[in-house]
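A quick write-up on the structure given underneath.
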There are 2 protein chains.
Amino acid sequence: MSLEVGLKAVALRAGVSPATASNALSGARHVAEATRQRVFDVAEAMNYHPNLVARGLRRQETRTIALLVADIANPYYPAVARAVHDRVDAQGYVSFIGNTDGDPDAEVRVLQEMRSRSVDGVIMGTMALSPERIRSVLGPIIPLVLLTGEAIASPGHGARTLRADEVGTDDAIGIGEGVAYLQSKGIGEIGFISGPADSIPGGGRLECFRAAMATADIALDDKWVEHASGYTLEAGLDAAERLLSLPNRPKAIMCANDLIALGVLEAARDHDLHVPTDLAVIGFDDIPTSKLVNPRLTTIINPATLVGYACADALMRRLEHPDSPFGHVALPTHLVVRASA
Amino acid sequence: MSLEVGLKAVALRAGVSPATASNALSGARHVAEATRQRVFDVAEAMNYHPNLVARGLRRQETRTIALLVADIANPYYPAVARAVHDRVDAQGYVSFIGNTDGDPDAEVRVLQEMRSRSVDGVIMGTMALSPERIRSVLGPIIPLVLLTGEAIASPGHGARTLRADEVGTDDAIGIGEGVAYLQSKGIGEIGFISGPADSIPGGGRLECFRAAMATADIALDDKWVEHASGYTLEAGLDAAERLLSLPNRPKAIMCANDLIALGVLEAARDHDLHVPTDLAVIGFDDIPTSKLVNPRLTTIINPATLVGYACADALMRRLEHPDSPFGHVALPTHLVVRASA
DNA sequence: CTGTTAGCGCATTCAA
DNA sequence: TTGAATGCGCTAACAG
């Protein structure tokens, strides 16, 4: 009934058994050159293409991976997704994409879904679930790459039991550079806008910030630490409004991501504050927009493409060498001074 | 050997046959309430989740779709991807993502790949292949939604033989508004920067532009029509350099997309041209960046989220009603006047 | 209402 | 070097 030509049809027309046709095409076993050629010709003539679902069931290997992020429309992720795609595509893998909005229930649901679909690997930028929970939902087998800034805060954290590779950014470098830079300009009244209080990447960056302030020996007023309700411009604007309405407001604001920082820029405009003289603003991520806004955003470069490559490479490596030691890659972040600080 | 609990294991523990367990869980056939409850309890206790690869093979329905675009990192697509994801996710479908860079070979390759993977449907924003070619590579069965601005240039174009739904934008509306707006400001020397000469969306927009100029009764100097080498800021900058170096340059430039327009903005800066007084610039798409740059970009809104919804809805509709008439949706575009024109 | 049989399309045993 | 048989995990058809 099926209109697709299957291996059986090719074998029939080539006058061989399905097994031989399979071997001829895949090269798994040796086949007489004449036979091989004949099978190839017939397959080509009949426009045969293997059914990858059936192959996946049989081989217990689907050559699919899952890329799970909070929101593909968040400007940081597309570059990661593209980089991952390019790397795995070169190895014959295709990617499922999943958006979780950082909602723990959604994360569990989509992880379970991907497990049911027998993906060969998962790359996940979690916002809510602990690594242990992720591993437990995903089951003990499927290779997992964690895409998280916090990886570095606790290097190699439980890799043994977690059986996961970690790719992150060394946020402390860039944030340290940012604090030092502000200090060198004589600015000590530095505030920070993090993401939602319980979210992971922003929380890690906040910790980095606290550490950097301590290192720089600058007292940190806890009133100057705000939590945006999300990693969006609007949430950043709201949080900045609160910060700028304080009786004694900070002279500089560092942010957990660029969108929040863009919100701060808007808030500064609303308050008739000149950036950077009245208020210095430093973002995080260096999304494409950042070099195009006015004033151009001083920010900390989060190398999205390299992160994507590193995730894909870690996953491909584990698929080839399942028993290699688990690793964590920390890509450096760096301050890029533009016009906002 | 497999560590995953299968239906057989659940059936065994529940004391029923695999078929009954299947029916109890899926509800395909009626099962005694007591049995059903027992199967559910066992499944839950054993943490059973169906193997969707096996189900796909058996049901000849994978509940996967493919979203094929030129480049997910292009800022227009993430919003489309997110919208598609949300709609199909609600129906239990997951999305493969494919990037083709508008390369015809890559498009053929990924279409073939998706066909091999038995996706239930394809949403494709083609840049290079003709609809007929796409249909031929994809085979006659798999539902196809074409995401293309040109759909509207030739409404219902070959829908019968193509067996495809089309979702596009009515680019002529917004481009007509743009030309009329410039005319109302007394600007008649209008140039246009399209995408690569052989690419589809930019070509359609160029045609709209020519038509709008004719309607407005403005003579169009062909020297003022340029082709950018891609839909990027850099390509737009290059093309604009060529246009602005002309002995008699246009007083306004309309563009096939916003990134090209952002390149024009940079070129204008390089040439010490003040926007909009020396040079008016109008983009296309209204990507998030456009409202944040300086000067804020006057552009034509391409409702990416609505486009994504429409694509997903068209696909879901066809999956439910395979024989419904093929349709094409044209979402209106509109000029939004900001500061660059 | 439930169990048995069969097969989706392929790749891997085993045997020849 | 090749073919026949088997089963990946699930569900549909057919019996009972």
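Sequence lines set the chain letters: A, B, ... in the order given, protein chains first and strands last, and positions in each chain run from 1.
In this structure, A/Leu25 atom CG and C/dT12 atom C1' are separated by 15 Å, rounded to whole Å. A straight line from CZ of A/Arg55 to C1' of C/dT12 spans 13 Å, rounded to a whole angstrom. At whole-Å resolution of the value, CD in A/Gln60 and P in D/dC8 are 9 Å apart. In this structure, CG of B/Leu52 is placed 10 Å from P of D/dC10, rounded to the nearest angstrom. In this structure, A/His30 places its NE2 atom 9 Å from P of D/dT2, rounding to the nearest Å. Summarising the geometry, the separation between NZ on A/Lys8 and P on C/dA11 is reported as 14 Å, rounded to the nearest angstrom. The distance from atom CG of A/Leu7 to atom P of D/dC8 is 20 Å, rounded to the nearest whole Å. Protein atom CG of B/Asn23 is 17 Å distant from nucleotide atom P of C/dT5, rounded to whole Å.
Taking the side chain of A/Asn51 as heavy atoms from C-beta on, and the options D/dT11, C/dG9, D/dT1, the nearest nucleotide is C/dG9. For B/Arg29, the listed nucleotide lying nearest its side chain is C/dG3; candidates were C/dG3, C/dG9, D/dT11. Of the candidate nucleotides D/dC8, D/dC10, D/dG3, D/dG3 has the atom lying nearest to any side-chain atom of A/Ala19. In this structure, the nucleotide among C/dC10, C/dT2, D/dG9 sitting nearest to the side chain of A/Pro50 is C/dC10. Closest contact between the side chain of A/Arg59 and the listed nucleotides D/dG9, C/dT12, C/dC1 involves C/dT12.
Between B/Ser17 and C/dG3 there is a side-chain N or O to OP1 or OP2 distance below 4.0 Å. Proximity of B/Ser22 to the phosphate of D/dT11: a side-chain N or O atom is located under 4.0 Å from OP1 or OP2. In this structure, A/Tyr48 reaches the C/dC10 phosphate: one of its side-chain N or O atoms is under 4.0 Å from OP1 or OP2.
Here the closest non-hydrogen pair linking A/Val10 and A/Met46 is CA-SD, 3.9 Å.
The nearest heavy atom of DNA chain C to B/Arg58 and to A/Ala28 marks one nucleotide each, and the one closer to the 5' end goes with B/Arg58. Between B/Thr35 and B/Leu57, the one whose closest nucleotide on DNA chain C sits nearer the 5' end is B/Thr35.
Side-chain contact between A/Met124 and A/Leu111: present, with at least one pair of heavy atoms (C-beta onward) separated by less than 4.5 Å. The closest side-chain heavy-atom distance from A/Pro143 to A/Val145 is not below 4.5 Å.
From A/Leu67, atom CG reaches atom CD1 of A/Ile123 across 6.0 Å, with rounding to the nearest 0.5 Å.
At a non-hydrogen distance threshold of 4.0 Å, nothing from residues 110-122 of chain A comes into contact with DNA chain C.
Panel note: side chain B/Asp165, backbone B/His328; no donor-acceptor pair is recorded below 3.5 Å.
If you check the side chains of A/Asn47 and A/His49, you find a donor sitting under 3.5 Å from an acceptor.
Counting non-hydrogen atoms under 4.0 angstrom, A/Val31 reaches the backbone sugars and phosphates but no base. Contacts of A/Val16 with the nucleic acid, taken as non-hydrogen atoms under 4.0 Å apart, involve only primed sugar atoms and P, OP1 or OP2.
Each of A/Thr100, A/Asn74, A/Asn99, A/Val80 was evaluated against A/Val69; a single residue qualifies, A/Asn99, per the side chain to side chain contact (heavy atoms under 4.5 Å, CB included) test.
Note that A/Arg82 lies outside the cation-pi zone of A/Tyr77, set by a 6.0 Å cut-off to the ring centre and a 45° limit from the axis.
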